[in-house]
Amino acid sequence: MVTFEQAYEIISTISVCPTRETTSLRDALGRVLAQEIIADADLPAFDRSAMDGYACRLADLDKPLTVLEVIAAGAWPTREIGAGECAKIMTGAPTPKGAELVIMVEDTLVNTDGTVSYTGKALPHTCDTAHKVPNNIRYCGEDLKAGDCILGGGQIINPAIVASLATIGCTHPEVFTRPKVAVISTGNELVEPGMSLREGTIRNSNGPQLVAQLLQSGAEPIYMGIAPDDKEATAAMLQQAMQQVDMILFSGGVSMGDFDFVPEVLVEAGFEIDFDSVAVQPGKPTLFAHKGAQFCFGLPGNPVSAYIQFELLVTPLICRMSGHTIHTKDILLPLADDFQRSKAKRHSWIPVAIINGTIHKIRYNGSGHISALAQADGFISFPIGISHLKKGELTNVRQI
Ligand code: AMP
Ligand code: MG
């Protein structure tokens with residue numbers, strides 16, 4: 001048996017080699033960026049107006065201004081602004097030469113002779129850097145200079161990153177290939193959720209749960225089905241999975257029961273077992289094995305154990321295989337209650353609720369109580385040797 005920290009260390013140091021592919025911008029959301037985003041031009045690419053208004057000189061704000069032209073977004077100014085002159089300008093349009101500021105349309109009045117007067121608050125008459133007036137001009141290169149690196153890669157592409165890619169004209173970003181992961185549920189008692197239950201059977205919740213967790217962590221799940229508690233059948237399903245995927249997840253069949261064949265089957269298939277139990281609760285019978293660049297987790301059959309050990313150990317490895325830097329969803333919050341446990345030999349996790357920024361107990365009966373997870377916002381943990389967490393103590397919550 002290894003400690004959780006030892007198990008995590010093994011997962012964190014095993015060598016992985018993420019591969020790359022390109023995708024379309026439309027399909028980039030949620031993928032891991034595998035390239036740098038470099039500005040291909042200054043941004044903005046020209047001095048432009050941040051407001052709908054009039055572009056003019058600072059010294060002219062106390063007199064009626066003659067309107068030379070109207071500059072729409074996408075157009076280019078044809079006139080230089082001289083004394084007593086202005087150009088009507090739209091947001092995003094290039095500012096004309098000679099203009100020192102754009103006055104907002106809301107701060108102006110159009111006179112009967114067609115000239116425009118400034119009606120806003122008084123501004124200084126000169127524009128120096130020490131007393132810079134808000135001039136509503138976004139200058140060329142103010143946001144980025146051509147060649148600036150916006151992102152270095154390794155981030156999960158969100159809508160803002162999609163926008164940055166579009167801004168630099170990248171229509172087909174390079175992303176890391178999603179690791180393919182097979183899910184095999186084991187157990188004679190299992191029935192697929194759409195089938196009717198017979199006496200002594202239960203619904204296979206781990207299969208769909210693990211597929212969902214894989215999708216959430218950025219992997220490509222391949223659901224293989226239920227392997228009966230039979231060594232040959234389990235071995236056959238493993239062989240089938242090994243031909244298709246980078247990683248295999250078993251649920252069940254890894255503990256000490258008479259029908260727990262997974263470790264044996266893995267060894268016979270040439271896998272090396274790195275650990276076969278971890279000093280955690282729930283999830284002690286968690287196994288990790290590798291064969292070359294192919295990995296396998298044997299997760300406990302109990303749904304809460306499978307869920308938590310996936311989050312703690314499988315997700316970090318999937319992150320590494322997907323080329324992305326691990327960002328845990330941990331937040332530090334105070335405990336609203338005292339939390340106690342009777343034994344302290346294993347590192348244990350329990351589901352909790354977050355209410356008004358504090359951590360609350362929820363009803364939780366142990367590792368089979370999957371519906372408790374649906375009420376939970378996250379987990380807190382008791383390290384080995386700790387059996388009491390005091391009300392008010394700042395505690396890490398791993399958010400679900
Ligand atoms: P095992 O690890 O195979 O001994 O299973 C431990 C417990 O988890 C047993 O009560 C099983 O019935 C239950 N279990 C195993 N696999 C699943 C599954 N796929 N979905 C829901 N419960 C399961
Ligand atoms: Mg079983």
Side-chain angles (χ1 to χ4, degrees), residues 16-53 55 71-77 89-96 99 101-102 104 129 132 134-181 212-221 246 311 315-331 398-400:
V16 293
C17 40
T19 56
R20 291 151 200 257
E21 62 191 23
T22 55
T23 187
S24 68
L25 261 191
R26 177 70 180 74
D27 294 327
L29 187 69
R31 303 296 304 268
V32 181
L33 184 68
Q35 62 167 79
E36 292 183 325
I37 308 184
I38 307 283
D40 65 332
D42 287 350
L43 206 82
F46 47 87
D47 296 350
R48 60 184 199 156
S49 177
M51 293 289 171
D52 294 320
I71 311 168
W76 198 255
I89 192 164
M90 308 301 141
T91 304
T95 48
L101 84 165
V102 173
M104 287 162 62
T129 43
K132 214 175 164 203
N135 63 7
N136 297 324
I137 297 174
R138 298 284 165 265
Y139 289 104
C140 177
E142 184 178 287
D143 296 345
L144 290 169
K145 296 268 182 279
D148 280 354
C149 181
I150 303 169
L151 285 176
Q155 298 78 8
I156 294 184
I157 298 178
N158 60 23
I161 297 179
V162 170
S164 294
L165 289 162
T167 300
I168 66 154
C170 176
T171 57
H172 286 81
E174 209 168 71
V175 292
F176 286 108
T177 311
R178 286 191 169 111
K180 282 199 177 70
V181 184
Q213 286 182 291
L214 285 165
L215 285 170
Q216 206 169 45
S217 68
E220 186 184 323
D246 307 299
E311 294 298 313
T315 300
L317 186 55
I318 288 175
C319 287
R320 294 188 59 229
M321 293 166 79
S322 324
H324 108 78
T325 36
I326 301 162
H327 300 289
T328 63
K329 295 174 275 178
D330 288 358
I331 45 167
R398 169 73 53 98
Q399 290 173 279
I400 286 183

message: Using only atom types and a distance under 3.5 Å, with no angle test, would you say the side chain of T177 pairs donor to acceptor with the backbone of T19?
response: yes
message: Could you tell me if the side chain of S164 sits less than 4.5 Å from the side chain of L151, heavy atoms only?
response: no
message: Looking at D27 and S24, would you say the former's side chain and the latter's main chain have a donor-acceptor pair under 3.5 Å?
response: no
- request: Mind listing the closest non-hydrogen atom pair of A93 and A72 along with its distance?
  value: CB-O, 3.4 Å
message: Between E21 and R31, does any side-chain N to carboxylate O distance fall below 4.0 Å?
response: yes
- prompt: How far apart are the closest heavy atoms of T95 and I89, and which atoms are they?
  reply: CA-CD1, 3.8 Å
- prompt: Backbone N or O of A50 within a donor-acceptor pair of the N136 side chain at under 3.5 Å?
  reply: no
field: Separation of D330 CG from R398 CZ (nearest 0.5 Å)
entry: 4.5 Å
message: Pairing donors with acceptors under 3.5 angstrom, does anything connect the side chains of T315 and S217?
response: no
- prompt: Can you tell me how far the CG atom of L29 sits from the OG1 atom of T23, to the nearest 0.5 Å?
  reply: 10.5 Å
field: Distance-minimising heavy-atom pair for M51 and T91
entry: C-OG1, 3.2 Å
statement: Here the gap from I400 atom CD1 to Q213 atom CD, rounded to the nearest 0.5 Å, amounts to 9.0 Å
statement: Of all heavy-atom pairs linking A219 and V181, the shortest is CB-CG2, 3.9 Å
query: For G218 and R178, which heavy atoms make the closest approach, and how far apart are they?
result: O-CG, 3.3 Å
Per-pair distances, 0.1 Å, donor-acceptor, side chain in residues 33-47, under 3.5 Å, sequence neighbours excluded:
unit_1: Q35; atom_1: OE1; unit_2: E174; atom_2: N; d: 2.8
unit_1: D42; atom_1: OD1; unit_2: A146; atom_2: N; d: 2.9
unit_1: D47; atom_1: OD1; unit_2: C140; atom_2: N; d: 2.8

message: Looking at every non-hydrogen atom in both residues, tell me the closest pair between P77 and P94 and how far apart they are.
response: CG-O, 3.6 Å
- prompt: Once you round to the nearest 0.5 Å, how far does CD1 of I150 lie from CD1 of I161?
  reply: 10.5 Å
